[in-house]
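Only heavy atoms go into these numbers, but all of them, side chains included; no hydrogens, no water, no symmetry mates.
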Amino acid sequence: MSERSERTADVQTVEQLVRQQLAAALGGGRGILEAAVPTVSFTISWLLTHDLRTSLGVSIGLAVLLIVVRLVQRSSTQFVINAFVGIAIAAVFASRTGEAKDVFLPGILYNGAYAVGLVLSILVGWPLVGFLVGAVTNDPTGWRRDRAMVRLCARLTWLLALPCIVRVAVQYPLYLGDHVGLLGTSKVVLGWPLQVAALLAMAALLGRNATPLERRPAAEA
């Protein structure tokens, strides 16, 4: 039995499965906090110094430190590296223009694209969360034959999309107005705290444990 099969062997409902998959995707509490460190450190440094190079250096330095800690502990560096790549891309944008506000442009673009993708997946009847179910049940599209499951996955996908929509709606006008301090503050406030709020809403929706999970045998090689 594979490691993934062992982790999901006792999962009986769609709600339990999605909770498990989302927790793994986010890396738990530590993964969420580590992902926030580069943004938080850049924002605080910028508000204190108003020096782009120093703020980027602090942010990138802390991300590297977190990677080293993970390596020493021999634990997964996936979530820290994701955060490092994010701040590195932001540094490239800002360094090319010399504008501190451009540190936040990649995040705005990413959230906009992610929101569009999630909403489109709902509108065409293939909500993205459904594929989390399919990945574990060994039937990538079988979940779509159950209308109740499609509705559940659509609601969950909306909850994933809403934080992205809110971030773009708040941050893009601030970007246009060159309000770097407010941009930084909004990125922190609308970052992992908003994501956690969305996950709590998802947990409330998933708390019913009402949708039976039907497993299909994996196709033999």
Pick one: which of N111, L118, V116 meets side chain to side chain contact (heavy atoms under 4.5 Å, CB included) with Y114?
L118
Reported CZ-to-CD1 distance for the pair R155 and I122, which is rounded to 0.5 angstrom:
11.5 Å
Tell me, please, which residues at least two apart from S95 pass side-chain hydrogen bond (donor to acceptor under 3.5 Å, both in side chains).
none
For residues 50-73, the ring pair (Phe, Tyr, Trp, His ring centres under 6.0 Å) pairs (sequence neighbours left out) are W46-H50
Start with the C-alpha distance between R167 and I108, add both sets of side-chain angles, then the distance that settles side chain to side chain contact (heavy atoms under 4.5 Å, CB included), and finish with yes or no.
CA-CA 7 Å; R167 289 175 193 134; I108 295 172; over 6 Å; no
All N/O donor-acceptor pairs, side-chain side in residues 85-94, below 3.5 Å, sequence neighbours left out:
none

I need the minimum non-hydrogen distance between L47 and G181, along with the two atoms involved.
CD2-CA, 3.7 Å
Test side-chain hydrogen bond (donor to acceptor under 3.5 Å, both in side chains) applied to S59 - qualifying residues, sequence neighbours left out
none
Minimum heavy-atom separation for L159 and P163, please, with both atom names.
O-CD, 3.0 Å
Side chain to side chain contact (heavy atoms under 4.5 Å, CB included) partners for S121, two or more places apart:
L128, T157
Once rounded to the nearest 0.5 Å, what's the spacing between atom CH2 of W126 and atom CG of L120?
15.5 Å
From NZ (K101) to CG (L52), nearest 0.5 Å
13.0 Å
Where is the tightest heavy-atom contact between V170 and L174, given as atom of each residue plus distance?
O-CG, 3.4 Å
Heavy-atom side-chain contact between P127 and L156 under 4.5 Å
no
Parallel, tilted or perpendicular: rings of F104 and F42 (30°, 60°)
perpendicular
Quick note, side chain to side chain donor-acceptor pair (under 3.5 Å) partners involving residues 175-188, not counting sequence neighbours, are D102-Y175
Taking all atoms of both residues into account, what is the closest heavy-atom pair of P173 and A169, and its distance?
CD-O, 3.2 Å
Measure the spacing between CG of D51 and OG of S45 and express it to the nearest 0.5 Å.
7.5 Å
So do the side chains of V103 and L183 get within less than 4.5 Å of each other, counting heavy atoms only?
no
Do you know the tightest heavy-atom contact between C164 and L160?
SG-O, 4.0 Å
Taking side chain as C-beta onward, heavy atoms only, is V58 less than 4.5 Å from L62?
yes
G125 to V150 - nearest heavy-atom pair and separation:
O-CG1, 4.4 Å
